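If you read the sequence from its start, that first residue is 1, and numbering goes on from there. Hydrogens, waters and symmetry mates are skipped; everything else that's a heavy atom, side chains included, is used. No experiment lies behind these values; they were computed from the predicted model shown.
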Amino acid sequence: MVEYLQSKPSEEGFGMPGEFEPHRGCWILWPERPDNWRLGAKPAQKAFARVAETINRFEPVTVGVSRGQYKNARALLDSRIRVVEISSNDSWVRDTGPTFVKRGEEIRAIDWRFNSYGGLNDGAYFPWDQDELIAGKIAEIEGTDCYQAPIILEGGSIHVDGEGTCLTTEQCLLNPNRNPDFSREDIERILAEYLNVQKIIWLEEGVYADSTDGHVDNLACFVRPGEVLLTWTEDTDDPQYDISRRALERLEKSRDARNRRIKVHKIPQPGPLYITEKEMQGIDFFGSSMEKNSDRRLPASYVNYYLANGAVIVPTFSDPNDQKALDLFGQLYPERKVVGVHSREIILGGGNIHCITQQVPL
């Protein structure tokens with residue numbers, strides 16, 4: 001059983017490294033719930049398998065699978081991918097899995113509280129009891145001690161530079177459906193204690209139509225310390241335009257924990273993309289609170305990518321901006337191989353490659 005520590009990471013010199021630093025491996029959870037993934041999650045499972053196999057070319061991948069899906073996942077996944085039996089309510093391991101922190105070569109995990117993106121009134125699904133256990137289970141499998149954090153927080157709502165700076169959004173972390181009894185100052189203190197950061201850069205909102213209440217990992221992320229990638233559109237009639245413009249203004253006015261100005265790289269958004277009537281008809285509606293309708297816009301973004309050892313795994317959508325995005329990633333990460341993975345089936349579920357992955361630092 002995983003050991004929960006009574007101390008806080010920063011007290012012992014542990015901090016969250018940047019995602020661009022070396023990894024021990026990557027975790028993914030297998031999709032299956034038919035009220036979120038169309039056609040019994042079969043198309044999504046193939047997409048998840050493509051992502052897992054792509055990442056596994058560069059670093060070891062472990063896929064957590066329910067008992068009922070174990071044989072199916074084992075058959076669909078490459079034999080070199082580790083498959084372990086883990087119960088879950090859905091497959092967003094970025095949000096339900098642990099956040100790993102480091103001190104030298106020692107790794108520990110943070111188990112944040114989870115309420116399915118808003119609890120009984122605003123949450124995405126019920127129940128979420130198995131998702132609340134995932135962080136501790138992964139920590140135990142990885143052989144790491146674990147801290148129990150006091151607030152509800154999903155991993156997609158934070159992004160760090162590994163040098164003391166954290167990006168997040170007010171729309172998510174200050175949302176009353178997460179931590180209504182905690183002030184901005186309380187949350188900043190807890191982020192400092194658990195991530196060992198000294199500077200929080202608050203952006204206002206996340207990507208338009210994002211059902212996570214504006215996770216920052218879909219809008220902006222650190223390419224490296226001092227540099228941020230921001231989803232962008234030049235269409236002033238698009239609701240995303242004002243969101244990205246306000247984020248740009250805040251980033252350009254900010255300094256990081258080491259007093260550097262932030263260099264911002266703009267990346268065009270795909271689409272806009274929308275769920276089709278045919279895709280909508282493939283979803284069971286027996287209990288999900290994530291409304292889907294024929295004119296529902298999808299929160300598609302190239303910022304929702306995964307950095308593997310020596311590679312950048314980028315979501316693509318058969319969109320005219322795909323190649324522009326891949327070219328930009330090649331410029332931003334000249335030392336890494338850029339690999340695009342078609343991800344429409346994943347965005348239909350509400351997230352993308354970054355959302356379905358969780359790195360374990362080396």
Side-chain angles (χ1 to χ4, degrees), residues 16-32 37 41 43-65 69 72-84 86 88 90-100 107 109 134-135 138 141-142 155-156 159 162 215 217-218 221-224 229 300-317 322 325-326 329-330 332-347 349 351-362:
M16 184 180 178
E19 295 182 23
F20 37 76
E21 298 181 37
H23 298 170
R24 179 194 295 183
C26 173
W27 277 81
I28 291 175
L29 295 177
W30 194 247
E32 63 176 284
W37 305 101
Q45 289 169 359
K46 292 179 180 179
F48 275 53
R50 284 196 301 271
V51 172
E53 289 164 11
T54 302
I55 295 174
N56 200 60
R57 289 161 47 191
F58 304 96
E59 65 190 41
V61 172
T62 301
V63 178
V65 184
Q69 281 288 319
N72 177 47
R74 184 67 281 175
L76 288 175
L77 290 163
D78 189 286
S79 61
R80 291 167 291 186
I81 294 173
R82 180 172 65 166
V83 178
V84 298
I86 290 184
S88 66
D90 209 350
S91 49
W92 307 111
V93 71
R94 175 66 53 181
D95 300 329
T96 59
T99 296
F100 288 97
I107 299 169
I134 287 170
I138 291 177
I141 291 171
E142 290 293 333
H159 210 279
H215 276 187
D217 72 342
N218 212 28
C221 68
F222 284 106
V223 176
R224 57 185 58 85
L229 183 64
S301 166
Y302 298 110
V303 173
N304 209 299
Y305 64 97
Y306 182 80
L307 284 177
N309 292 336
V312 189
I313 315 303
V314 181
T316 61
F317 307 93
D322 284 356
L326 295 172
F329 278 109
L332 294 175
Y333 297 103
E335 74 287 359
R336 296 176 185 258
K337 183 177 179 61
V338 178
V339 185
V341 179
H342 187 67
S343 302
R344 183 172 178 89
E345 291 298 335
I346 304 175
I347 193 63
N352 222 295
I353 291 175
H354 191 260
C355 301
I356 68 167
T357 52
Q358 182 61 264
Q359 72 281 351
V360 184
L362 187 62

Visitor: Can a donor-acceptor pair be found, under 3.5 Å and without considering hydrogens, that links the side chain of N309 to the backbone of P22?
Guide: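 Flag not set: sc N309 to bb P22 has no pair under 3.5 Å.
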Visitor: Quick one: are I107 and R24 in side-chain contact, heavy atoms under 4.5 Å?
Guide: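 With C-beta onward as the side chain, the pair touches.
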Visitor: Please tell me whether F100 and H23 form a close aromatic pair, meaning their ring centres lie under 6.0 Å apart.
Guide: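 Distance test on ring centres: not under 6.0 Å, no.
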Visitor: Hey, what's the ring geometry for F222 with H159, parallel, tilted or perpendicular (30° and 60° as the breaks)?
Guide: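 Aromatic pair F222/H159 classed tilted.
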Visitor: Below 4.0 angstrom, N of the basic side chain to O of the carboxylate: do K46 and E53 qualify?
Guide: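 Not counted as a salt bridge, because no side-chain N and carboxylate O are separated by less than 4.0 Å.
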Visitor: Begin from the C-alpha positions of L326 and V312 and carry the test side chain to side chain contact (heavy atoms under 4.5 Å, CB included) through to its verdict.
Guide: CA-CA 9 Å; L326 295 172; V312 189; over 6 Å; no
Visitor: To the closest 0.5 Å, what do you measure between OG1 (T316) and CZ (R344)?
Guide: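 Going from the OG1 atom of T316 to the CZ atom of R344 covers 12.0 Å.
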Visitor: Show your reasoning for whether side chain to side chain contact (heavy atoms under 4.5 Å, CB included) applies to T99 and M16.
Guide: CA-CA 8 Å; T99 296; M16 184 180 178; 3.6 Å; yes
Visitor: Nearest 0.5 Å, what's the CD1-CG distance between I356 and D90?
Guide: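 The CD1 atom of I356 sits 11.0 Å away from the CG atom of D90.
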Visitor: Do W37 and F48 have their ring centres less than 6.0 Å from each other?
Guide: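 Centroid distance W37-F48: below 6.0 Å, so yes.
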Visitor: Could you tell me whether R94 and E19 have a side-chain N and a carboxylate O separated by less than 4.0 Å?
Guide: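 Result for this pair is yes, salt bridge flagged.
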Visitor: Is R224 reaching over with its side chain to a backbone N or O of L332, donor-acceptor style, under 3.5 angstrom?
Guide: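 Here the side-chain-to-backbone pair exists.
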Visitor: Drop me the distance from E59's CD to L362's CG, to the nearest 0.5 angstrom.
Guide: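 It is 10.0 Å, given to the nearest 0.5 Å.
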Visitor: How many angstroms lie between atom CD of Q69 and atom OG of S91, to the nearest 0.5 angstrom?
Guide: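 Going from CD on Q69 over to OG on S91, the span is 11.0 Å.
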Visitor: In the structure I gave you, are the side-chain heavy atoms of V339 and K337 within less than 4.5 Å of one another anywhere?
Guide: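 SC-SC contact between V339 and K337 confirmed.
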Visitor: Between H354 and N352 (side chain of the first, backbone of the second, donor and acceptor by atom type, cut-off under 3.5 Å), is there such a pair?
Guide: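 No.
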Visitor: Heavy-atom distance under 4.5 Å between the side chains of D217 and C355, does that happen here?
Guide: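 Of all side-chain heavy-atom pairs linking C355 with D217, at least one is under 4.5 Å.
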Visitor: Taking C-beta and beyond as the side chain, do V93 and I138 meet within less than 4.5 Å on heavy atoms?
Guide: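 Contact flag for V93/I138 side chains = yes.
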Visitor: Let me confirm one number: the NE2-CH2 distance from H215 to W92, rounded to the nearest 0.5 Å.
Guide: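 H215 atom NE2 to W92 atom CH2 measures 10.5 Å (nearest 0.5 Å).
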Visitor: Checking N218 side chain against N304 main chain: does a donor-acceptor pair fall under 3.5 Å?
Guide: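 Not at all, since once roles are kept as given, no pair shorter than 3.5 Å links the two residues.
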Visitor: Checking I346 against V51 for the side chain to side chain contact (heavy atoms under 4.5 Å, CB included) test, could you report, in this order, the C-alpha distance in whole Å, the side-chain angles of both residues, the deciding distance, and whether it holds?
Guide: CA-CA 10 Å; I346 304 175; V51 172; 3.9 Å; yes
Visitor: Is any side-chain heavy atom of V83 less than 4.5 Å from a side-chain heavy atom of L77?
Guide: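 Yes - at least one pair of side-chain heavy atoms lies under 4.5 Å apart.
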Visitor: Does a donor on one side chain sit under 3.5 Å from an acceptor on the other, for D322 and Y302?
Guide: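 On atom types as modelled, these side chains qualify, holding a pair under 3.5 Å.
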Visitor: Apply the test side chain to side chain contact (heavy atoms under 4.5 Å, CB included) to residues T357 and Y305: give CA-CA distance (whole Å), side-chain angles for both, the deciding distance (0.1 Å), then the verdict.
Guide: CA-CA 9 Å; T357 52; Y305 64 97; over 6 Å; no
Visitor: Rounded to the nearest 0.5 Å, what separates atom CD1 in I313 from atom CZ in F329?
Guide: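 Between I313 CD1 and F329 CZ, I get 10.5 Å after rounding to 0.5 Å.
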Visitor: Report yes if some heavy atom in the side chain of V341 is under 4.5 Å from a heavy atom in the side chain of I353; otherwise report no.
Guide: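 With C-beta onward as the side chain, the pair touches.
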Visitor: Are the side chains of R80 and N56 in touch, meaning some heavy atoms are under 4.5 Å apart?
Guide: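 They are in side-chain contact.
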Visitor: Do you know which two heavy atoms are closest between V303 and C221, and how far apart they sit?
Guide: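 Minimum heavy-atom separation between V303 and C221: CG1-SG, 3.9 Å.
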Visitor: Are Q359 and L307 packed together at the side-chain level, in the sense that at least one heavy-atom pair is separated by less than 4.5 angstrom?
Guide: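 Side-chain contact under 4.5 Å: no.
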Visitor: For residues P31 and A41, report the shortest heavy-atom separation together with the two atoms involved.
Guide: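 P31 and A41 have their closest heavy atoms at O-CB, 3.8 Å.
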